[in-house]
Amino acid sequence: MSVQSLVSRRKKTFIGLPAPLGYVPGLGRGATGFTTRSDIGPARDADDIPEDRHAPPNKKAKQKEEEDDEDLNDANYDEFSGYGGSLCSKDPYDKDDEEADAIYEAIDKRMDEKRKERREEKLKRDIEKFRQERPKIQQQFSDLKRDLASVSVDDWNNLPEVGDARNRKQRVGRAEKFTPVPDSVLARAAASGSVNSAVSEQEQKFGGLTTPFGSITPIGSATPMGDIDMKKIGQARNTLMDIKLTQVSDSVSGQTVVDPKGYLTDLQSMLPSHGGDINDVKKARLLLKSVRETNPKHPPAWIASARLEEVTGKLQAARNLIMKGCEECPKSEDMWLEAARLMPGDQAKAVVAQAVRHLPQSVRIWIKAANLETEIKAQKRVFHKALEQIPNSVRLWKAAVELEDEEDALIMLSRAVECCPTSVELWLALARLENYENARKVLNRARENIPTDRQIWITAAKLEEAHGNIPMVDKIIDRALTSLRMNMVEINREQWIKDAEDCERSGSLHTCQAIIRAVISIGVEEEDKKHTWMADADACAAHGAYECARAVYAYALTVFPSKKSIWLRAAHFEKNHGTRESLESLLQRAVAHCPKAEVLWLMGAKSKWLAGDVPAARSILALAFQANPNSEEIWLAAVKLESENNEFERARRLLHKARNSAPTARVFMKSVKLEWCLGEVDNALMLLDEAVKHYPDFPKLSMMRGQIEEQRGNLDTARNAYNQGLKKCPTSWPLWLLLSRLEERAGQLTRARSILEKARLKNPKTPELWMEAVRVENRAGLKNIAMTLMAKALQECPNSGILWAEAIFMEPRPQRKTKSVDALRKCEHDPHVLLAASKLFWSERKLSKARDWFNRTVKIDPDLGDAWAAFYKFETLHGDQKSADDIATRCVAAEPHHGEHWCRVSKAIPNWRLKTQEILPLVAAAMSVPT
């Protein structure tokens, strides 16, 4: 066999063929080849093996296949080219298309620039809000970093070492575990730690062993291999540790990287107002520098840079920056003003002078120049120069006029209105300085120049009123409305009413009333007039404009003269804010228009009686009888008038006539009360017998009979009277209380409990009955039963203020505050709960809080006499006499009629003729100090 045949037989089949795709020679033996970008394409590592091991298909066949199988999926859709390519792909993308795209892009860019400021502001607000909610760690500890400036070197040296962070239980409870080391480990460690006995040439040269620390161990003192000196090894270790600590921990003396003094100085340069540190300042400084270099003609960048330096304490750098900014932006008003602010004294004047040369028409710069002057004469000179440059500036004229005396101000204002004819303020100021005739001429000229301003007309009306020409006031206001309408000015009703209030405050009462009469009906529908006008009157009264409110009521009464409610509101307004004469005059007109309104007659009679004019009060009541025959209210008012003035026989005769002509249960009750108070008990009992026949279901008659019998000592008769009344009136809880208290005083505690339980069955959810049951147990000393009953009472009546007030003081002192919180949560605006809270603060000696809560109580319910009495006692004990007298005056004005302690004192027979100012001290004396 020949050599050629052997070679051909050994030749492999793959020799001469191209290498497979991605083949790297020697890769299987750990070799790494290299490939170029043309081999693998972009974003590929050299070691990556491509996924496609096959040759790419024919390009023309692939294009044909793509054309046949077009992918119409939504994911393959493009807004510009459609599904998988443009339908008009054969058409060229010409210059017109390119130009249109450029125009659209320019428009989009322009619109984006318009929204840029708004978007940046919103982003800034969001970032600030986020930083407030989640501040950085460095912001949270910025105050602590700032305090490091006061730390001395000794304090740094004396910082304690960090000890064991575990608590005592962890340290004591967990005993450390020791595991014995095997002998093999010790032997291996000894073998590895043996000392080599061979001595190098260098060691022989120096005569010993060279240690890492630079010291030399003599050869003669070398320790044998088998005898290691552990003491010397420990000393060497300590020496090495000392050297390392000396190299890295020399921070106190300031010789290494950390400089404590410089560090504390940097801490002092933090931004205290913004809570940032020095890093933030550096970032802000770099950012502002970039802005200045990018756009040196941008004034806010220079101002912000100067203010940053000012805040950080580098005032001179701030001045240099702002002056450089003024050179770059000489036409910026804000730049010059900021420079004047930063510069001291004379330099600021020089800066302002330079600013005036660049911006002679800037009002703010001229005003700044005047403010920098210390002398009035110099300020006048500056303003005169400014007015030469800017004669039409109202602000400059006003500032210049304020510096002049009256004569010079008059001359300047005459010139000012010529230069600024549309300034209302200048015209009005000139009119104030002129005399009456000239002022009228000035206002007429002002009206010609500014026909759409209402203040000129109002000032003219006030001028006429000030000089006694009252009839002209209404004419001027009417002409004003007509003229303004002709000049297409909308009449704003609320604004004119506010102007009327301003006129009243300035003392022009006729002008304010004329304005109210002229504008009160503008824009108000017919069906809304009454409601709207009453709301206007209340608003004026709330603002302290009583003449305006009085004018509103007067106009409303001219439109609705027969409305009883308007007369009543006007009467109450005069009673609170007017005089007695104005009230009586109003009531006379009221009863003339509404003769059937009994309350108006009674208010007139009471006003006369309080003034001491009893005959006039009688005459008013006589006229009321004629207009309202057989009126119970008027009969009883007449009886009260006579009894209060010691005319008891006349009162009896009146009651006798009332029982014959207008017999009612109240008339009989008042008749019995009069006889009882006068000591005629037999006559009272006779009247009671007659009254019960006519009105058996009136519970107060039975109550009075029982109380009279109790007073006489006839307990059985009294018990019988109460029981008879309860048969007719089982829903009258005061009757049940009287019967229960009668049994309790008689020593029948069990019977009193049963009566109250029966009363609660017949009158469910009645808090007064529950409270009496609780008090019965408390008076008997059974506190546990009382607490149980109170819990049941609060379950049945959860919103009862009197029960919650009682429950607060039944608790021990530590639990009272919690109970008061629960009470306020259930009955937030109940006067009894507020009174209990006031007493609670009083008992804790929190006097200011107690006073505030007493004020809240009497404001919410001024008819609660107990609150006034407690407040009066509080001020008597802890206040001065003036505050106590003030409480008494407010109580008399409120005329309270309710309250447990108040009614007990005021309705007692010996006190039947006492006034409010006499009852208040008695009730206060009967109340105990809370403990």
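- In this structure, N628 contributes its side chain and P595 its backbone to a donor-acceptor pair below 3.5 Å.
- With a 4.5 Å cut-off on side-chain heavy atoms, L600 and L568 count as touching.
- Remark: T579 engages S582 in a side chain to side chain donor-acceptor pair (under 3.5 Å) (not counting sequence neighbours).
- The backbone N or O of L737 sits nowhere less than 3.5 Å from a side-chain atom of S740 that would complete a donor-acceptor pair.
- Judged by distance alone, the side chain of S906 and the main-chain N or O of W902 form a donor-acceptor pair under 3.5 Å.
- Ion pairing of R779 with E772 is present here, as a side-chain N (NZ or NE/NH1/NH2) and a carboxylate O approach within less than 4.0 Å.
- The shortest heavy-atom contact between N911 and V905 is ND2-O, 2.9 Å.
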Check the pair L602 / L621 against side chain to side chain contact (heavy atoms under 4.5 Å, CB included), numbers first and verdict last. CA-CA 7 Å; L602 296 177; L621 289 176; 4.1 Å; yes
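- Between R913 and E918 there is no salt bridge, since none of the side-chain N atoms of the basic residue sits less than 4.0 Å from a carboxylate O of the acidic one.
- For the atom pair CZ of R666 and CD of E633, the computed distance is 5.0 Å after rounding to the nearest 0.5 Å.
- Within the 4.5 Å cutoff, side-chain heavy atoms of S754 are placed close to those of R751.
- In this structure, K849 does not pair ionically with D852, as no charged nitrogen and carboxylate oxygen lie closer than 4.0 Å.
- For the pair R652 and E649, the salt-bridge criterion is met [side-chain N within less than 4.0 Å of a carboxylate O].
- When the side chain to side chain donor-acceptor pair (under 3.5 Å) test is applied to E584, the partners found at least two apart in sequence or on another chain are R580, S607, K608.
- When the shell of 6.0 Å around NZ of K529 is examined, it contains more than 12 heavy atoms from other residues, nucleotides or ligands.
- Shortest non-hydrogen contact noted between T664 and Y695 is CA-OH, 3.4 Å.
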Please test D880 against S883 for side-chain hydrogen bond (donor to acceptor under 3.5 Å, both in side chains), starting from the C-alpha separation and ending with a verdict. CA-CA 6 Å; D880 51 9; S883 59; 2.7 Å; yes
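- Here the shortest heavy-atom pairing between N763 and P730 reads ND2-O, 3.1 Å.
- Scanning both residues, V614 and W609, for their nearest heavy atoms gives CG2-CD1, 4.3 Å.
- Within 6.0 Å of NZ on K882 lie no more than 12 heavy atoms contributed by other residues, nucleotides or ligands.
- For K700, the NZ atom is loosely surrounded, since the number of other residues' heavy atoms within 6.0 Å does not exceed 12.
- Comment: E709 does not engage R719 in a salt bridge, judged by the lack of any side-chain N to carboxylate O separation of less than 4.0 angstrom.
- With hydrogens and angles disregarded, a donor-acceptor distance shorter than 3.5 Å links the side chain of H897 to the backbone of E895.
- Taking 4.0 Å as the cut-off between side-chain N and carboxylate O, E743 and R753 do not count as a salt-bridged pair.
- Note that CD of Q917 and OG1 of T889 are 9.5 Å apart. Values are rounded to the nearest 0.5 Å.
- Across all their heavy atoms, S702 and L735 have their closest contact at CB-CD2, 4.3 Å.
- Both tests pass for R760 against the ring of W770: distance under 6.0 Å to the centre and angle within 45° of the axis.
- Atom CG of L914 sits about 6.5 Å away from atom CG of L922, to the nearest 0.5 Å.
- By the 30° and 60° cut-offs, the orientation of the rings of F648 relative to W912 is tilted.
- Nearest heavy-atom pair across L835 and A867 is CD1-CA, 3.9 Å.
- Under the 4.5 Å side-chain criterion, counting only non-hydrogen atoms from C-beta, C797 is in contact with K765.
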Let me check something: any side-chain donor-acceptor pairs from residues 800-815 under 3.5 Å, sequence neighbours excluded? List them with distances.
| unit_1 | atom_1 | unit_2 | atom_2 | d |
| --- | --- | --- | --- | --- |
| W804 | NE1 | P798 | O | 2.8 |
| E806 | OE1 | R775 | NH2 | 3.1 |

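- Between K819 and D822 there is no salt bridge, since no side-chain N of the basic residue sits under 4.0 Å from a carboxylate O of the acidic one.
- At least one donor-acceptor pair closer than 3.5 Å links the side chain of D830 to the backbone N or O of H832.
- The pair K915-E644 meets the salt-bridge criterion, since a charged nitrogen lies less than 4.0 angstrom from a carboxylate oxygen.
- Crowding of K783 atom NZ: a count of heavy atoms from other residues, nucleotides or ligands under 6.0 Å exceeding 12.
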Please walk me through it: do V599 and W601 pass side chain to side chain contact (heavy atoms under 4.5 Å, CB included)? CA-CA 5 Å; V599 64; W601 290 103; over 6 Å; no
Side chain to side chain contact (heavy atoms under 4.5 Å, CB included) evaluation trace for L586 with W567: CA-CA 8 Å; L586 177 70; W567 286 108; 3.5 Å; yes
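- Ring geometry for F841 against W853 counts as tilted: the plane angle lies between 30° and 60°, on a 0 to 90° scale.
- At a threshold of 4.5 Å between non-hydrogen side-chain atoms, the residues S661 and W635 count as touching.
- The 12-atom threshold is exceeded at CD of E527, counting heavy atoms of other residues, nucleotides or ligands nearer than 6.0 Å.
- Between Y553 and F573, the two ring planes are tilted [angle within 30° to 60°].
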Please walk me through it: do E710 and R745 pass side chain to side chain contact (heavy atoms under 4.5 Å, CB included)? CA-CA 11 Å; E710 280 192 68; R745 283 193 296 269; 2.3 Å; yes
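- A donor-acceptor contact shorter than 3.5 Å is absent between the side chain of W736 and the backbone of E757.
- A distance of 9.0 Å separates CD in E844 from CZ in R816, rounded to the nearest 0.5 Å.
- Other residues, nucleotides and ligands contribute over 12 non-hydrogen atoms within 6.0 Å of the NE2 atom of H878.
- The closest side-chain heavy-atom distance from K693 to E690 is not below 4.5 Å.
- With rounding to the nearest 0.5 angstrom, the OG1 atom of T857 is 10.0 Å from the NZ atom of K839.
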Mind running side-chain hydrogen bond (donor to acceptor under 3.5 Å, both in side chains) on R904 and H901 for me, showing each step along the way? CA-CA 5 Å; R904 185 182 298 123; H901 298 281; 3.3 Å; yes
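- A distance of 11.0 Å separates CG in D682 from CG in L687, rounded to the nearest 0.5 Å.
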